[in-house]
Amino acid sequence: MPSAQEPQPNEAEGQSARASARRRLGKFDLSSQGPILGLILLAIVGTALNSDFASLANWMNVLTRTSFIGIIAVGMTFVIISGGIDLSVGSMVALIAGSIILVMNSLATHIDAPVLVVIVGMVVSLMMGAAFGTMHGLLITKGRIEPFIVTLGTLGTFRAVLTWLADGGAITLDFGLSQTYGPVYYGTLLGIPIPVWVFLGVAVIGTVLLRRTAFGRYVQAIGSNEQVARYAAVDVDRVKILTYAFLGLCVGIATLLYVPRLGSASPTTGLLWELEAIAAVIVGGTSFKGGSGRVTGTVIGAILLSVIGNILNLTSIISVHLNAAVQGIVIISVAFLQRRRP
Amino acid sequence: MSVLASLTRRSALALALGTSALIALPGISAAQEKVNLGVSIPAATHSFTAGIVWWANEAKKDLEAAHPDDLKITVKTSSGAPEQANQLQDLVTVTGINTLVIFPFESAALTQPVAQAKNKGVYVTVVDRGLTDPSAQDAYMAGDNTAFGKIPAEYFAKKYDGKANIVALRGIPTTLDNERWEAFTSVIDEHPDMKILDAQYGNWNRDDAFKVMQDFLTRFKDIDLVWAADDDMAIGVLQAIRQAGREGDIKEVFGGAGAKGMVKTIMDDDNPLIKADVSYSPKFIYEAIKRTAEARLKGEALPETTILPSELIDKSNAEDFYFPDSPF
């Protein structure tokens with residue numbers, strides 16, 4: 001192993017401990033199994049409260065609605081492991097969604113090929129996401145501004161521009177186009193909704209990137225100790241820009257799946273998604289301080305957060321006023337289950 | 001998480017509006033104008049508030065044209081209670097208003113700032129959300145939230161002979177939502193064969209409503225009626241019903257507020273699930289500005305409380321509620 005990947009002593013211990021725990025599957029490691037344990041517990045509770053919870057249709061609903069936050073959270077995992085943060089993803093979804101609807105609507109008046117128009121819209125979504133992400137990366141590395149500040153700034157800017165484009169109301173996809181675009185959200189492949197397949201694909205790519213590539217190792221090294229990584233000749237700026245660009249691309253993917261759901265974008269689109277994505281990453285066991293984390297944990301974290309809401313909707317044991325409290329308590333409990341020793 | 005959430009949302013909104021507030025510095029006005037009216041309203045961050053902003057500007061246009069010499073109207077939007085309080089100070093000290101029409105963000109937080117404006121001799125009309133101390137205002141004008149809940153319940157009871165299984169979506173937990181909810185349930189409770197299966201918060205948001213409705217459809221095999229309680233939420237509800245293929249067994253979805261898209265659907269008889277709506281038009285800000293300005297021009301006072309009625313919208317009268325140019 002090159003010295004660039006030498007983490008700090010504490011992190012090294014933690015990582016090797018987890019690695020050995022993974023090797024010896026017989027031995028149970030509570031700290032890394034927290035999210036999955038929490039999810040299993042929730043599934044048992046959910047099934048006990050309402051037998052429909054365990055139905056395939058319900059799981060497909062939950063997984064499909066998780067896919068947006070989940071895909072964004074996979075990208076967010078890289079940014080947080082590298083020691084950064086992105087608060088703007090929810091606003092970015094809103095702005096990209098509004099923009100591609102406007103693009104598709106205006107194209108549709110010139111081109112009489114709905115499939116082509118929709119494909120153009122999807123490509124624009126990916127390009128806008130990657131471009132916004134790259135812009136964040138450049139401002140953070142070359143502009144030397146804290147990620148928190150850069151993305152707090154764009155959080156406001158993106159949503160304001162969308163609100164302005166929409167005149168405060170909603171931007172709605174042309175009816176004919178939404179018929180063509182609909183299957184991207186509502187369609188299924190082998191009985192599993194398209195967004196779930198895409199979520200799975202992004203999660204696999206994320207896992208491979210993080211675990212099996214030099215880029216993934218650099219991301220962890222930078223989050224562990226940026227100075228050491230720099231001395232070890234890692235191109236820190238380039239790697240950081242790439243993490244934000246990858247997150248932006250993930251936002252673009254999530255948006256192109258989201259648009260056909262309601263066929264509209266409004267100033268409330270994607271509200272607070274940034275917090276849901278960050279929560280999924282942290283609940284999934286990634287250190288908020290950076291340096292280490294797991295994509296699979298993030299995926300489970302995202303599903304877990306959706307499942308809480310789903311169970312609360314499927315039952316009515318407690319006052320609806322307390323829903324947010326239940327969510328908060330479960331999040332803290334799972335974080336407690338997967339905490340690491342200092 | 002929700003505290004952090006609201007903080008982040010507020011900072012987002014503050015950022016979004018900070019810039020526009022800077023650009024729109026109030027102009028220094030001549031003091032000889034007879035009625036210098038300031039309008040303070042929430043910024044257009046939701047289609048309903050977008051309607052409020054649009055109608056306020058319509059009122060400014062119409063009224064200033066009708067009274068070119070003795071009326072000046074300044075419209076200010078804000079993205080939160082603290083910002084609104086600051087703007088209020090600017091309106092009084094810099095713009096020099098002598099009349100105020102305000103749609104307060106929060107009742108408690110704005111009571112003191114409004115009281116201070118009134119103490120300086122400004123005539124105050126409060127719209128929609130009341131202040132915690134009514135002595136801080138001269139007049140109060142609001143949409144009818146009781147009717148907003150009552151009308152759909154009565155409509156359901158009459159149309160379905162007091163017999164139906166209902167699921168309901170609520171807005172954001174606020175006193176306004178409670179008022180509507182209590183009005184709705186009090187009517188339903190009079191009919192023993194009408195049952196509310198469950199109600200969950202959809203936060204006046206399409207996406208949240210979509211998820212809540214998906215889960216209702218999983219949980220209840222026998223739903224007759226949905227009280228979506230808002231036109232935005234009704235859009236999410238309709239999508240969830242379509243996805244689940246339950247258009248056949250659900251008889252009707254009732255939104256609320258009379259958004260133009262819904263009114264158009266009712267007018268054109270486009271969707272068998274959408275047959276009626278209840279008005280709660282952002283146009284009431286237009287009414288409030290108009291009535292206040294006209295009373296002040298005559299030197300009269302407004303009645304202490306004016307409730308602008310909410311009405312049932314169906315195919316017979318939908319045209320009267322259709323405003324295609326409004327963003328709402």
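Residue numbers start from 1 in every chain, and the chains themselves are labelled A, B, ... in the order their sequence lines are given, proteins ahead of strands.
- For Ala199(B), the part lying under 4.5 angstrom from a heavy atom of chain A is the backbone only.
- If you measure heavy-atom distances from Tyr258(A) to chain B, the contacts under 4.5 Å come from the side chain alone.
- Taking chain B as the reference chain and counting heavy-atom pairs below 4.5 Å, the highest number among Leu314(A), Thr163(A), Leu312(A), Thr268(A) is found for Leu314(A).
- Here the straight-line distance linking atom CG of Asp215(B) with atom CD1 of Ile311(A) works out to 10.0 Å at 0.5 Å rounding.
- Checked by atom type and distance alone, the side chain of Arg219(B) pairs as donor or acceptor with a backbone atom of Asn313(A) at under 3.5 Å.
- Proximity to chain A is absent for every atom of Phe220(B), based on heavy atoms less than 4.5 angstrom apart.
- Between the OG atom of Ser264(A) and the CG atom of Asp232(B) there is a distance of 8.0 Å, given to the nearest 0.5 Å.
- Taking CG from Asn61(A) and CZ from Phe210(B), the interatomic distance works out to 7.0 Å, rounded to the nearest 0.5 Å.
- Distance check, rounded to the nearest 0.5 Å: CG of Leu217(B) to CG of Asn58(A) gives 11.0 Å.
- When heavy atoms are compared at a cutoff of 4.5 Å, Phe158(A) does not approach chain B at all.
- The shortest side-chain heavy-atom distance between Leu271(A) and Asp207(B) does not fall under the 4.5 Å cut-off.
- Here Leu262(A) contributes atom CG and Gln239(B) contributes atom CD; the two are 5.5 Å apart, rounded to the nearest 0.5 Å.
- Heavy atoms closer than 4.5 Å to chain B are found nowhere in Ser88(A), neither backbone nor side chain.
- Residues Lys221(B) and Asp52(A) have side chains in contact (heavy-atom distance under 4.5 Å, counting atoms from C-beta outward).
- Within 6.0 Å of CD on Gln179(A) lie more than 12 heavy atoms contributed by other residues, nucleotides or ligands.
- In this structure a side-chain-to-backbone donor-acceptor pair under 3.5 Å is missing from Gln214(B) to Asn310(A).
- Between Arg242(B) and Tyr186(A) the shortest side-chain heavy-atom distance does not fall below 4.5 Å.
- The contact list for residues 63-70 of chain A toward chain B, using heavy atoms and a distance under 4.5 Å, reads Arg65(A) by residue number.
- For Gly169(A) against Ala50(B), the heavy-atom pair with the smallest separation is N-CB, 3.8 Å.
- For the atom pair NE2 of His321(A) and CZ of Arg170(B), the computed distance is 5.0 Å after rounding to the nearest 0.5 Å.
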